[in-house]
Peer 1: 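Pasting in a structure now, in structure tokens, and then I'll have a few things to ask.
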Amino acid sequence: MLDIKLIRENPEMIREKLSSRSGNVERLLDTLLEADEKRRRNLAEAEQLKCQRNIASEEIGRRKKQGSSADDLLKEMKETSEKIKNLDGALREIEDTIKAAILLIPNIPQDTVPTGKNEQDNVEVKKWGNPCEMAFEPKPHWDVGEALGILDFERAAKITGARFCLYKGAGARLERALINFMLDLHTKKHGYQEILPPFMVNSASMTGTGQLPKFEEDLFKCNGTDYYLIPTAEVPVTNIHRDEIIDGRNLPLYYTAYTPCFRAEAGSYGKDTRGLIRQHQFNKVELVKFVKPENSYDELERLLENAEEVLKLLEIPYRVIVLCTGDLGFSASKTYDIEVWLPGLGCYKEISSCSNFEDYQARRANIRFRETPEAKPSFVHTLNGSGLAVGRTLVAILENYQQADGSVAVPEVLQNYMDGMKSITSA
RNA sequence: GGCGGGAUGGCAGAGUGGUUUAAUGCGGCGGUCUUGAAAACCGUUGACGGGGUAACCUGUCCGUAGGUUCGACUCCUACUCCCGCCGCCA
């Protein structure tokens with residue numbers, strides 16, 4: 001969330017900066033500013049009465065000890081207490097209003113983020129590798145996978161429903177190989193600590209990273225509990241340090257986690273209905289960083305490089321785009337998307353999203369650090385990115401490494417993770 | 001699922017209605033002593049909000065949320081988490 005003081009002192013600047021984002025927050029800002037004003041007036045009054053009460057109560061104690069009468073004070077304080085109770089009640093309501101409003105206001109885009117309306121206005125910043133010319137008509141991954149007997153969408157639909165997939169044999173093995181390859185790369189070469197978090201989290205965690213309260217419909221909730229299936233490892237991993245003050249000497253902290261991710265995909269009916277692109281459950285290896293504010297944009301570039309490295313080693317062409325203000329996610333200040341080339345579908349497709357949230361999540365989740373043991377705590381900056389979405393990486397391999405005979409070559413770096421298998425052929 | 005015990009500052013741990021402004025110890029920070037360090041001794045010590053140019057004033061916080069009271073760490077209610085025992089179970 002944004003700093004209420006910043007909003008209070010620069011309301012027009014905030015309005016201006018949020019105006020190019022999707023969604024209209026004008027009304028929310030008005031509600032917020034009005035409630036904040038009311039809160040401070042109310043608070044001053046309540047505090048003055050409390051101060052009087054504290055002094056009088058002490059006096060009552062003293063008199064009772066001496067055995068003298070305190071009836072006059074007692075009577076007066078009964079009234080004061082009643083007033084305080086009313087003021088506190090009103091204050092609570094005002095604070096609820098403030099909280100509800102401020103949690104619905106998105107982050108401010110960073111200055112280098114291009115202004116734009118939607119994904120049309122995103123800007124390509126780099127391109128790596130050349131989509132290779134194939135001597136045959138490349139097939140979409142679902143045809144490749146089903147022909148090889150390694151992907152089974154029909155049975156997954158029977159077992160569960162639409163947007164699920166059953167991986168078999170070399171398919172299941174390839175998915176597991178990718179997970180291990182990515183985790184090894186990030187832990188051994190890039191210095192991230194491996195985490196295996198809970199796959200369900202409570203509503204406080206979901207609020208901390210920004211999924212709640214606004215995006216509840218995108219989540220799967222476990223009936224009768226306060227638990228939700230995670231839509232990304234970002235949620236449990238960022239919340240590792242919720243309500244903590246980190247020793248500044250331990251920063252930056254780098255974590256990587258493999259988890260399945262669960263998304264309701266409400267409102268995406270009819271979109272990417274075939275294949276593995278849009279599933280209710282998919283695997284992802286996530287990268288999460290906790291850093292000092294002054295380093296966060298440098299850290300974002302390196303996070304992006306760490307994610308790109310996976311595709312470079314797999315030798316799959318991709319491009320990087322920077323999201324414009326209109327396409328930016330709710331909690332992010334700046335986001336790069338990595339899009340991988342898919343010859344079967346004939347397009348680039350998002351495979352990773354790397355974002356700097358600055359102190360937006362840190363405020364919501366109350367994650368702070370101390371520069372030195374004596375220093376006042378301040379908010380960390382949080383970042384995260386996919387490193388990578390595993391299902392879509394498998395898609396990229398099936399489509400980019402498919403051969404004329406229907407087999408799929410195994411990328412060299414994965415062969416050791418596949419017992420030396422060089423090619424996936426139909427059984 | 002049933003029964004019992006617990007949750008207090010960075011940590012350990014006192015405190016069962018009124019100078020608690022949370023004892024004491026450890027740790028941290030500053031100092032004395034020392035060539036330097038250790039030990040010893042002395043001092044100091046949190047978070048968040050409101051007001052103020054500032055010094056400063058003030059409120060809240062003892063798991064969380066309510067309640068009783070002039071006054072709550074202390075009493076009442078609900079909830080959460082941790083520990084133990086019984087049952088069930090991968």
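Reminder, nothing fancy here: chain letters follow the sequence lines and each chain counts from 1.
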Peer 1: Do the non-hydrogen side-chain atoms of A:Glu95 and A:Lys99 ever get within less than 4.5 Å of each other?
Peer 2: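 A:Glu95 vs A:Lys99: side chains apart.
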Peer 1: Given the C1' atoms of B:rA39 and B:rA23, what is the spacing between them in whole Å?
Peer 2: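 Approximately 27 Å lies between the C1' atom of B:rA39 and that of B:rA23.
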Peer 1: Across all strands, who's sitting opposite B:rC75 as a Watson-Crick or G-U wobble pair, both distances under 3.5 Å?
Peer 2: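 Looking at the geometry, B:rC75 pairs with B:rG67.
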Peer 1: Using a heavy-atom cut-off of 4.0 Å across all strands, would you classify A:Leu73 as base, sugar-phosphate, or nothing?
Peer 2: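 Here A:Leu73 touches no strand at all.
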Peer 1: Paired with B:rU32: which nucleotide, if any, by Watson-Crick or G-U wobble criteria at under 3.5 Å for both distances?
Peer 2: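 For B:rU32, the partner nucleotide comes out as B:rA40, under the 3.5 Å rule.
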Peer 1: Using a heavy-atom cut-off of under 4.0 Å over every strand shown, decide if A:Arg53 touches base, sugar-phosphate, or nothing.
Peer 2: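 A:Arg53: backbone/sugar contact only, no base atoms under 4.0 Å.
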Peer 1: Across all strands shown, which nucleotide pairs with B:rC89 by Watson-Crick or G-U wobble geometry, both distances under 3.5 Å?
Peer 2: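 Its partner is none (no Watson-Crick or G-U wobble pair with both distances under 3.5 Å).
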Peer 1: Can you tell me the pairing partner of B:rG4 across any strand shown, Watson-Crick or G-U wobble, with both distances under 3.5 angstrom?
Peer 2: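 Per the H-bond distance test, B:rC83.
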Peer 1: Is the shortest side-chain N/O distance from A:Asn54 to OP1 or OP2 of B:rU60 below 4.0 Å?
Peer 2: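 Yes, within the criterion.
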Peer 1: Just jot down the ring-ring contact (aromatic ring centres under 6.0 Å, His included) partners of A:His381, sequence neighbours excluded, or say none.
Peer 2: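 Not a single residue meets the ring-ring contact (aromatic ring centres under 6.0 Å, His included) criterion with A:His381.
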Peer 1: Using the P atom as the reference point in each nucleotide, state the distance between B:rG43 and B:rC48 in Å, no decimals.
Peer 2: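 Looking at atom P only, B:rG43 and B:rC48 are 28 Å apart.
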Peer 1: Give A:Arg41 one of three labels, base, sugar-phosphate or nothing, depending on what nucleic acid heavy atoms sit under 4.0 Å from its own.
Peer 2: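 Nothing, no nucleic acid heavy atom in range.
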Peer 1: Side chain of A:Glu47, base of B:rG49: donor and acceptor closer than 3.5 Å?
Peer 2: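 Yes, the side chain and the base share a sub-3.5 Å donor-acceptor pair.
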Peer 1: Pick base, sugar-phosphate or nothing for A:Arg8, based on heavy-atom distances below 4.0 Å to the nucleic acid.
Peer 2: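 Sugar-phosphate contact only - A:Arg8 comes under 4.0 Å of backbone atoms but never of a base.
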Peer 1: What distance, rounded to whole Å, do you find between the two P atoms, one in B:rC33 and one in B:rA54?
Peer 2: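 Going atom to atom, P in each nucleotide, I get 38 Å.
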Peer 1: Please check the phosphate of B:rG18 (OP1 and OP2 only) for any side-chain N or O of A:Arg63 closer than 4.0 Å.
Peer 2: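 Checking A:Arg63 against B:rG18: no side-chain N or O falls below 4.0 Å of OP1 or OP2.
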Peer 1: Quick one: A:Leu91 CG to B:rC61 P, roughly how many Å, whole number?
Peer 2: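 Rounding to the nearest Å, CG of A:Leu91 and P of B:rC61 are 13 Å apart.
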Peer 1: Touch check for A:Lys64, heavy atoms < 4.0 angstrom, all strands: base, sugar-phosphate only, or nothing?
Peer 2: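 Result for A:Lys64 = base.
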Peer 1: Considering only NZ, NE, NH1 and NH2 on the basic side and carboxylate oxygens on the acidic side, decide whether A:Lys158 and A:Asp152 come within less than 4.0 Å.
Peer 2: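 Between A:Asp152 and A:Lys158 there is no salt bridge, as every charged N stays at least 4.0 Å from the carboxylate O atoms.
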Peer 1: In terms of side-chain geometry, is the basic nitrogen of A:Asp96 or A:Arg92 positioned less than 4.0 Å from the acidic oxygen of its partner?
Peer 2: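 No, no charged N to carboxylate O under 4.0 Å.
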Peer 1: Let me have the donor-acceptor pairs involving side chains of residues 191-206 of chain A, under 3.5 Å, with sequence neighbours excluded, atom names and distances please.
Peer 2:
residue: A:Tyr192; atom: OH; partner: A:Asn306; partner atom: OD1; Å: 2.7
residue: A:Asn202; atom: OD1; partner: A:Ala204; partner atom: N; Å: 3.3
residue: A:Asn202; atom: OD1; partner: A:Ser205; partner atom: N; Å: 3.0
residue: A:Asn202; atom: OD1; partner: A:Ser205; partner atom: OG; Å: 3.3
residue: A:Ser203; atom: OG; partner: A:Asp226; partner atom: OD1; Å: 2.8
residue: A:Ser203; atom: OG; partner: A:Asp226; partner atom: OD2; Å: 3.1
residue: A:Ser205; atom: OG; partner: A:Arg242; partner atom: NH2; Å: 2.8

Peer 1: What's the gap between B:rG13 and B:rG66 when it is taken at their C1' atoms, as a whole Å value?
Peer 2: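 It comes out at 29 Å once rounded to the nearest Å.
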Peer 1: Do the side-chain N or O atoms of A:Ser81 get closer than 4.0 angstrom to the phosphate oxygens (OP1, OP2) of B:rG71?
Peer 2: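 Checking A:Ser81 against B:rG71: at least one side-chain N or O falls below 4.0 Å of OP1 or OP2.
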Peer 1: Does A:Arg40 put a side-chain nitrogen or oxygen below 4.0 Å from OP1 or OP2 of B:rG51?
Peer 2: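 A:Arg40 to B:rG51 OP1/OP2: side-chain N or O found under 4.0 Å.
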Peer 1: Counting the atoms with a prime plus P, OP1 and OP2 as sugar-phosphate, which does A:Arg370 contact under 4.0 Å by heavy atoms, base, sugar-phosphate, or nothing?
Peer 2: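 Sugar-phosphate: the residue A:Arg370, judged by heavy atoms under 4.0 Å, touches backbone atoms but no base.
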Peer 1: OP1, OP2 of B:rU68 versus side-chain N and O of A:Lys85: anything below 4.0 Å?
Peer 2: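 Checking A:Lys85 against B:rU68: at least one side-chain N or O falls below 4.0 Å of OP1 or OP2.
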Peer 1: Identify, between A:Asp36 and A:Leu74, the residue whose nearest nucleotide on RNA chain B lies closer to the 5' end.
Peer 2: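 The answer here is A:Asp36.
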